[in-house]
Every structure is written in structure tokens, then in C-alpha cells.
Amino acid sequence: MFTEVLVGLVIAGLIFFLVQRSKKQVLTTEDGWWGAGAAPDDGEDPTIRPFKVTTSDEELEDLYRRIDQTRSVPSLEDSQFNYGFNSQYLEKVVSYWRHDFDWRRQVDKLNQYPHFKTNIEGIDVHYVHVKPKNLPEGTSVVPLIMVHGWPGSFYEFYGMIPLLTEPSDQHELVFEVVCPSIPGYGYSEAPYKKGFDTVSAARVFHKLMRRLGFQQFYAHGGDWGSIITTNMAQMEPKIVKGLHVNFAPPANVGLPIGLSIMLGRRFPKMFGFTDMDVQRLYPCMEKLVVESIKESGYMHIQATKPDTVGRGLNDSPVGLAAYILEKFSTWTNHDFRNLDDGGLTRNFSLGDLLTNVMIYWTSGCIISSMRFYKESFSQGLNQPHAKIPVHVPTGFACFPNELLHTPKLWVKQKYHQLKTFTPMARGGHFAAMEEPQLMAQDIHNFAKTLEKKK
Amino acid sequence: MQRLDFIKQAFLSLKIGQQQQQQLLIGSTLAVGGILAYLVHKRREAKTIPLGEGWWGAGEKPLSEDDTIHPFEVQTSDQEIEDLYERIDRTRYTGSLEEGCFQYGFNSTYLKNVVSYWRHTFDWRKQVAILNKYPHFKTKIEGLDVHFIRVRPPHREGQRVLPLMLVHGWPGSFYEFYKILPLLTETQDDLAFEVICPSIPGYGFSEAPHKQGFDTLAAARVFLMLMERLGFSQFYLQGGDWGSLITTNMAQMKPQCVKGLHLNMFVSKKGLKMLLSLLIGPYLPFLVGFTREDVRRLFPYLEKNVYEILRESGYLHIQATKPDTAGCGVNDSPVGLAAYILEKFSTWTDLKNRDLVDGGLERKFSLDDLLTNVMIYWTTGSIVSSMRFYKENLKTNIEKRVDSRTGVFVPTGLAAFPGELMHCPHSWARTRLRNIYSYSYLPRGGHFAAFEEPQLLANDFVQFVKKVEVSPFIF
């Protein structure tokens with residue numbers, strides 16, 4: 001009799017435990033208010049206003065004057081990009097900026113897609129909204145939100161937008177794309193209150209999509225965008241149909257990841273490591289630890305003293321360009337540190353790079369963009385959302401020169417429904433801007449896989 | 001006693017002849033004696049680090065170098081001041097977060113106050129005159145123009161004058177010592193000092209190195225050469241921040257020249273001893289050589305020493321990896337430069353200043369003094385080269401460098417200020433600094449001790465020197 005009771009209890013316990021585990025955790029969050037002062041009684045203004053990027057003679061003259069008055073400091077002999085942005089190459093970039101770069105033309109390029117602003121939780125959120133046109137009969141339109149990171153902007157996606165929104169014979173699906181600016185970046189207003197982190201951004205973007213009338217949508221992101229869209233999936237797993245990311249740093253190093261680091265070199269097959277995985281992860285002290293330390297100084301200072309480090313950059317366009325473009329060099333390929341020109345124009349055009357810099361310059365948002373680091377790391381690496389896995393179908397695009405290489409095993413630790421994992425032939429951290437074709441193709445494939453399943 | 005008997009018994013019971021027993025006894029005594037003598041000798045033997053050599057000028061090294069010492073005067077011009085004002089007027093401010101105080105860095109509301117003072121009240125020409133009240137010089141060493149001031153005390157009957165070099169750090173300058181200089185040179189005491197305050201190459205009026213690799217060892221060698229060129233064969237050294245590491249290196253390179261080394265910032269090597277003392281210290285401090293004051297300043301260890309350092313070392317991380325990028329913008333924007341530098345004068349004086357709307361900046365310093373220091377960086381455009389010093393020293397593991405593995409044997413005096421970034425108890429300092437004559441807990445003061453509490457630092461320094469002068473060779 002006693003044994004039966006015991007067995008019964010054990011089985012009950014097991015069932016309970018299993019049921020608990022399958023109850024999928026959802027990221028909970030509360031509304032915030034980020035405007036200046038106290039929230040008004042009647043709440044926020046939900047209207048959507050069209051917006052156009054504009055410039056003026058004044059803005060350009062001020063920029064040119066500041067560029068002309070730059071006090072440059074020569075780099076050390078033979079240091080290339082190892083001490084940061086090389087001064088000789090910086091002079092070339094600045095000369096182009098001053099004499100050849102046409103901001104008015106770039107502004108027209110920015111305005112080729114419709115921009116809007118709407119007030120959410122007290123701040124004006126800017127976004128680009130591209131609806132597909134000339135749809136042949138029976139094409140279904142899939143809504144997609146694409147979120148940028150730092151030091152990028154919505155402009156990084158301009159290469160991909162036509163590949164996603166224009167119907168073509170190659171693809172079955174057509175997307176309706178929304179590219180917002182993270183509050184504090186570019187044309188989105190910056191929060192006035194402390195605490196605006198990735199979870200807040202995720203909640204604001206959910207409200208945006210709801211306001212635009214979307215009940216379900218896909219999400220894509222890289223850098224901060226990948227974490228924000230992941231948070232969106234964690235908050236509303238039923239609303240985010242599919243999540244596509246190209247950057248997935250592991251938040252928790254559990255047993256599987258730890259073991260794979262220790263034994264993966266000897267037994268790659270055991271952990272599903274490909275040749276590329278082994279090459280990018282080992283020697284792991286050098287590649288994982290030392291490289292991270294070498295490249296994370298900006299993150300450390302931005303996560304602690306954003307107002308201090310950003311102050312000078314908001315006055316000095318050349319300083320701002322050096323700070324931002326150094327990332328576009330080094331994060332595209334670490335080996336570019338040994339090149340005199342940082343390999344900057346191998347994968348990007350100076351026109352595109354400077355357009356991105358101009359978005360930061362003309363909106364004066366560098367400090368608020370940096371604050372995002374402090375807000376999002378306020379609890380260190382122990383954020384609640386780091387512990388919740390993602391149950392939304394996910395597609396991962398694995399680019400060879402991404403800052404932190406994550407093999408399939410590692411991605412699966414957090415993204416429990418990994419549907420596609422695509423190792424790419426080339427591309428670095430700014431993959432959307434560097435390889436728009438590859439990225440767009442992967443999004444198409446991923447969405448098709450999910451849509452087919454219906 | 002019993003043990004001794006037992007050994008004697010064991011020895012005697014060995015079945016060997018009388019003669020052999022004697023031989024064994026003599027042999028082992030000699031051996032033990034030899035080992036002891038060697039150990040004592042080794043302790044006495046002051047190890048040095050190699051002097052090394054370098055050339056930091058642009059291009060190739062010429063056959064000969066001009067070693068004359070030229071007088072130098074700090075100058076300014078209408079142009080310089082107008083350019084500064086124009087840039088200040090064109091500053092593009094970003095508002096601080098509500099209730100952010102100094103937690104996110106320099107608060108923008110207070111920054112506007114500082115800048116307004118700078119623009120309308122601060123008199124740079126007057127400050128330049130103050131800078132020039134002591135004689136300045138420049139001389140070429142290893143391809144670089146090294147700047148320094150030389151302050152001779154007025155002649156007083158019966159007063160002994162000892163030579164002393166004071167070395168600054170980042171983001172300071174030789175100007176930090178202007179308050180302590182009169183206390184050391186114009187004293188009525190029987191002891192006064194002839195003081196040399198150089199600028200580290202790459203800082204202020206000293207030329208910046210053109211080649212990679214200029215670290216504290218190079219700076220130490222350059223300063224030793226400077227003292228030699230000025231005719232000093234023996235002298236005292238005092239330093240904080242980078243100055244403390246440079247002066248320590250100087251004492252390790254030529255201990256015969258350094259009569260005494262006084263530091264207000266010092267760190268210890270991590271090791272088993274440190275770990276053990278951290279674990280046992282809070283409960284049984286006396287067992288690991290901690291005083292009550294040590295315990296008060298060190299614990300809770302994780303919070304004070306690990307988390308706080310993480311919070312405050314972002315600048316160190318970026319400067320040690322990408323100095324050219326970090327410095328580019330602040331060299332164009334005087335307000336950006338001021339915010340960057342003055343944030344340290346706020347936070348490193350007292351960490352609690354981060355919770356104040358004005359960062360507590362003017363509690364211990366005058367805006368005139370703070371801005372003069374900023375102007376030295378601004379007018380010389382030396383912020384980038386000053387930041388590079390971090391990368392040159394930290395790009396390889398500094399704990400494996402020869403100076404970290406070598407002891408310091410010259411008479412050393414340590415002044416532990418309560419607001420200093422990291423507290424280092426006497427028991428830890430002793431592992432590397434082998435000849436500590438004096439260790440003092442100062443009642444108040446932070447990282448910029450010479451600037452903030454010149455009297456306290458001067459007092460401690462003088463009492464240390466007096467101890468050394470009385471008995472220079474105690475081990």
C-alpha cells in the first residue's frame with residue numbers, strides 16, 4: 001500500500017514538473033512614460049503624422065565650418081587602425097564629406113520611402129512604412145518590422161527594402177515593411193526619464209504595430225535590434241509569427257555551451273560544430289576573451305558614462321564620424337585593423353556610411369543613443385529577459401565575421417524553435433547593409449518555411 | 001626539547017663511525033649555513049630592472065641630439081581665446097535625464113554653469129601668468145621635447161635643500177602640484193626641496209611620442225635622464241596615478257639614485273596571499289595583517305573593489321584599446337573635453353559625488369584651477385596622446401611585465417587617502433614594496449591628493465623624508 005502511494009506521488013510530481021516546464025514563460029512588462037515631466041491626464045496622442053527629413057543651408061554651413069575647424073592629431077607611425085580610426089585615412093574621408101558628399105541628395109534618397117511619427121508613451125517614435133505596390137492577383141502580404149542597432153539606423157535597411165517589398169518571380173511572398181528608429185536614435189525622440197531599455201523599446205514597438213493595425217507580424221533585427229525583437233517575441237509569442245535575427249549573443253552560459261567550448265575542438269561532431277565553427281571559436285581564449293576585451297571599450301564606457309563620452313562627439317562632426325565609422329571598419333572584419341584605410345570602402349560606399357553618420361549628427365542623438373547601453377545593462381547580464389527562452393519560430397542568419405560567433409547549438413539554447421539556421425558565405429556585423437541580397441533571401445526563405453506550414 | 005633529544009638520539013643511533021658522524025655534522029651545518037647566507041644575501045641584493053633604450057621622434061634617429069636646456073614660457077594669443085569662445089558658443093547641448101545627477105556622466109545642467117563661468121568669468125591670460133610664476137624649461141630627450149618646471153627654494157640659513165621630482169597622472173598635469181609647491185619650497189622648516197615637475201611626454205607641453213611603445217618604463221628612463229642632465233645624482237620622488245607607476249619604475253631602474261619614493265596611489269599584485277586575506281580578513285583581520293581601518297576601507301570587497309571599478313573604468317577600457325577614436329571628438333569640442341576630464345575630478349574625489357546634481361566639484365576645487373588644467377589639455381591638443389599612454393601600458397598584460405615581477409627596494413612612503421579608487425593595505429603593499437618606511441592613513445582626500453589636500457600630502461611626505469634622512473639603510 002505504501003509503495004503504491006509513493007509511486008503515485010512520484011508520478012504526480014513528474015506530471016506537475018513537466019506541465020510546469022511546458023507552460024511557456026512570457027516576458028511581462030508595465031507601461032512607462034518617457035516624456036518630459038508628468039504624464040498628462042488624457043494620455044498620449046495616438047495620431048500618426050507624416051514626416052519628411054529636411055535640411056537647410058544653415059545646417060550644412062554649420063557642418064562645413066566645424067569640419068574646417070577640426071584640430072586633427074596625427075596617428076602613430078605604422079599603427080593603421082589598431083589605435084582607433086587612423087588620422088591619415090580620416091582626412092580622406094573628411095575631404096570627401098566636405099567636398100563631394102551631397103547631403104541634399106541623400107535626404108531625397110531618405111525620403112523615397114514614406115516616413116511617419118507617432119507619440120507612444122510620451123515620446124515621438126519615427127518609422128518608415130513601405131507598402132508593396134503593383135501586387136499581382138493573389139499575392140499575400142506579410143507584415144515585417146525591422147529594427148536597427150548601434151551605431152546604425154533605419155537607413156541600414158534601405159538596400160533590403162526593395163528586395164522585400166517589390167513583387168518578383170523569385171519569391172512567393174511580399175512584405176509590408178516597418179522600420180522604426182529606436183527612441184533616442186535618429187528621428188525618434190529621446191526618453192527624458194531613466195530606465196528606457198530593450199524591454200521598453202520592445203513594448204513601444206508592439207504598441208506601434210498595434211496602432212498600425214497589425215495583429216500578427218514577423219520581426220527582424222541585428223545588434224540591439226536583435227535583442228529588442230527577441231524581447232518582442234518573449235512578450236507576445238502569439239503576435240510575433242516569426243523572428244529572424246543575425247546576432248544572438250548567449251545570455252547565459254549553461255552546461256551545453258560550457259561543455260561545447262571545452263570539448264568542441266576535439267569532438268566537433270558531438271556538438272554539431274562545422275569547420276567554420278571551429279575556426280571561429282578556437283583558440284577560444286584568443287577569439288572569445290581577448291578579442292572581446294579589445295573591442296568592447298566603447299561598450300564599457302557607454303554602459304557607465306554615456307553623457308561624458310558623447311558630449312564631445314555632439315560638437316565635433318569629425319570626432320563623431322571617427323567614432324562611428326571605426327565600428328563599420330572593425331566589426332565588418334577584425335583583420336581590417338591592420339589596414340591603413342581600415343578596409344572601409346571594400347564593402348560600403350562612403351556616401352552610405354556618411355548618410356548614417358549624418359542621421360546621428362543632424363539629430364544630435366549620439367548621447368541618447370549611448371544611454372541605451374547603460375539602461376539595458378543596468379542589471380548587468382542578469383536581466384529577467386535573459387533567462388526566458390524564445391518559443392517563437394526563429395530563423396538565424398550566421399554571418400562569418402559577426403562580432404561573436406554563435407554555432408547552432410548555442411543559438412538553440414535560447415531560441416527553442418529554431419527553424420532555419422543559414423551559414424552565410426560572407427558578411428560581418430552590419431550584414432543588412434553589407435549583404436542586403438543574402439539577408440533578404442534568408443528572410444524570404446524563413447518566412448516561406450513558416451507560411452508553407454499552414 | 002624532546003624533539004631535539006629525539007633527533008640527537010636518531011643521529012647517534014645511526015650506525016656510522018665517530019669520524020663520519022663528525023663529517024656529517026660539519027657538512028650539514030655548512031650546507032644550512034650556506035643556504036641561510038644565500039637567502040640573506042638575496043634579500044639584501046636590490047634587484048633592478050633594465051634601463052632599456054628608445055627613440056620617439058618623427059622619422060629616423062639622427063646621429064646626435066641637442067641636449068641643451070631651453071627656458072620656456074607658456075603663452076596665449078587673442079586667436080587662441082577667440083577660437084575657444086567660438087567653439088564654446090557653438091556647443092550643441094543634450095539635456096540630461098531627469099534625476100540623472102552624475103550617474104550617467106557629467107550632468108548637462110551643471111555643465112552649462114561651468115561653461116558659462118569659463119566663457120565669461122575665467123581669465124586665461126591671468127592663469128597663464130600664474131602658470132609662469134615658476135620657471136619653465138624644455139630639453140630634448142630620446143627625440144622628444146620634455147617640458148618641466150624647476151622651483152628652487154629661496155636661500156635660508158641652516159636649511160637643507162633636497163632635490164625632488166613630482167610626477168602627475170591622467171587627466172592631471174604639472175599644474176596639480178602648484179598648491180603643494182609652496183609648502184615644499186617656501187617652508188621655514190630646516191628641510192626644504194628643490195622641485196622638478198615634468199610633463200609626461202604626450203601630456204601638456206611635452207612633445208608627444210611619434211612611435212608606438214612609449215610606456216611608463218620609457219617615461220621613467222626619460223625622467224632619469226632629465227635628472228641626470230640637471231646634475232642631480234640622488235633625489236626623492238613623489239607621484240600619484242601614472243606618476244606613481246613612473247616613479248616606481250625609476251626607483252627600480254636606478255635605486256642608487258632614488259633616496260626615497262613617496263606614493264599616494266599604489267596597487268598590489270594579485271595572488272594567493274591577497275585572496276586568503278580577503279577571505280579571512282573580515283573576520284580575523286589581525287591574522288592577515290589588516291588594521292581596522294583597512295577593513296573599513298576594503299569591505300564589502302566585491303562592491304567596493306570589483307563593481308565600483310567596473311562602473312568607473314569604462315574610460316580606461318576604451319583608452320587602452322581605441323585612444324585615437326575616443327580622443328578625436330574631445331579634441332575639437334572644448335565643452336566635450338571639459339566634461340570628460342572634470343567628470344573624473346568629481347567622481348574620483350568621492351564616489352558619492354555621483355549622486356549630486358553638481359557632482360560636488362566645487363567643494364574641494366575652484367573652477368579656476370579645474371579649468372586651468374583643462375586648458376592645458378585644450379591649448380596643447382594633447383588629449384589623444386595622453387590617452388594613448390593607456391594603450392601603450394595595457395596592450396600587453398601589465399602584470400607579466402618586468403617591473404610587476406620585480407620588487408622595489410628603495411625607502412618607500414605610502415599615503416593612503418580614504419577616497420582613493422582602490423585601497424591597498426600595508427600587508428599587501430609589502431609584497432612588492434620591500435622597504436616601507438612609512439604607511440599613513442590620511443583622514444580625508446581622494447585620488448587627486450596633491451590638488452585637493454596639499455597640506456596633508458606635504459606633511460606626510462616631509463615626515464617620510466625625515467625618517468629616511470635619519471636612517472637611510474634600514475631593511
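Just so it is clear: chains get the letters A, B, ... in the order the sequence lines come, proteins before strands, and each one is counted from 1.
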Open item on the list: Report which part of A:Gln302 has an atom under 4.5 Å of a heavy atom belonging to chain B: side chain, backbone, both, or neither.
Closed with: neither
Task: NZ-CD distance between A:Lys305 and B:Glu312, expressed to the nearest 0.5 angstrom - done: 3.5 Å
Open item on the list: Counting only non-hydrogen atoms closer than 4.5 Å, does B:Val384 touch chain A with its backbone (N, CA, C, O), its side chain (CB onward), both, or neither?
Closed with: side chain
- [ ] Starting at CZ of B:Arg388, measure out to OG of A:Ser79 and round the result to the nearest 0.5 Å.
- [x] 6.5 Å
Task: Proximal component of A:Asp78, with respect to chain B [non-hydrogen, under 4.5 Å] - done: both
Open item on the list: Given heavy-atom pairs under 4.5 angstrom as the criterion, report whether the side chain, backbone, both or neither of A:Leu90 touches chain B.
Closed with: side chain
- [ ] Can you tell which part of A:Ser296 gets under 4.5 Å to a heavy atom of chain B, answering side chain, backbone, both or neither?
- [x] both
Task: Engaged part of B:Ala58 at the chain A interface, taking heavy atoms whose separation is under 4.5 Å - done: both
Task: Atom pair NZ/OH of B:Lys395 and A:Tyr83 - distance to nearest 0.5 Å - done: 3.0 Å
- [ ] Can you tell which part of A:Leu320 gets under 4.5 Å to a heavy atom of chain B, answering side chain, backbone, both or neither?
- [x] neither
- [ ] Any chance you could measure A:Leu76, atom CG, to B:Lys391, atom NZ, to the nearest 0.5 Å?
- [x] 10.0 Å
- [ ] Run the numbers on A:Lys374 and B:Leu97 for side-chain contact (heavy atoms from CB on, under 4.5 Å), then give the verdict.
- [x] CA-CA 12 Å; A:Lys374 189 174 169 87; B:Leu97 291 174; over 6 Å; no
Task: Nearest-0.5 Å distance, CD of residue A:Glu77 to NZ of residue B:Lys211 - done: 3.5 Å
Open item on the list: Please classify the contact between B:Thr347 and chain A as side chain, backbone, both or neither, with a heavy-atom cut-off of under 4.5 Å.
Closed with: side chain
TODO: Can you tell which part of B:Ser382 gets under 4.5 Å to a heavy atom of chain A, answering side chain, backbone, both or neither?
DONE: neither
Task: Contact class of A:Lys193 relative to chain B, heavy atoms under 4.5 angstrom - done: both
Open item on the list: Report which part of B:Pro334 has an atom under 4.5 Å of a heavy atom belonging to chain A: side chain, backbone, both, or neither.
Closed with: neither
Task: Min side-chain heavy-atom separation A:Thr304-B:His317 under 4.5 Å - done: no
- [ ] Find the distance between CD (B:Glu343) and CZ (A:Arg311) and round it off to the nearest 0.5 Å.
- [x] 10.5 Å
TODO: Sort A:Trp34 into side chain, backbone, both or neither according to what part of it lies under 4.5 angstrom from a heavy atom of chain B.
DONE: neither
Open item on the list: Is there a side-chain contact (heavy atoms from CB on, under 4.5 Å) between A:Phe85 and B:Asp324? Walk through the geometry before answering.
Closed with: CA-CA 6 Å; A:Phe85 208 107; B:Asp324 286 20; 5.8 Å; no
Open item on the list: Restricting to non-hydrogen atoms, name the atom on B:Glu98 and the atom on A:Lys194 that form the minimum distance, rounded to 0.1 Å.
Closed with: O-CG, 3.8 Å
Open item on the list: If I measure from the heavy atoms of chain A, does B:Glu86 come under 4.5 Å with its side chain, its backbone, both, or neither?
Closed with: side chain
Open item on the list: Can you give me the closest heavy-atom contact between A:Arg71 and B:Asp332, atom names plus distance?
Closed with: N-OD1, 2.7 Å
Task: Side chain, backbone, both or neither of B:Trp378 within contact of chain A (heavy atoms, under 4.5 Å) - done: both
Open item on the list: Less than 4.5 Å to any heavy atom of chain A: does that hold for the side chain of B:Leu111, its backbone, both, or neither?
Closed with: side chain
Open item on the list: Taking side chain as everything from C-beta outward and backbone as N, CA, C, O, which of these in A:Ala303 sits under 4.5 Å from a heavy atom of chain B? Side chain, backbone, both or neither.
Closed with: neither
Task: Which of B:Leu310, B:Val335, B:Leu316 touches chain A most, by non-hydrogen pairs under 4.5 Å - done: B:Leu310
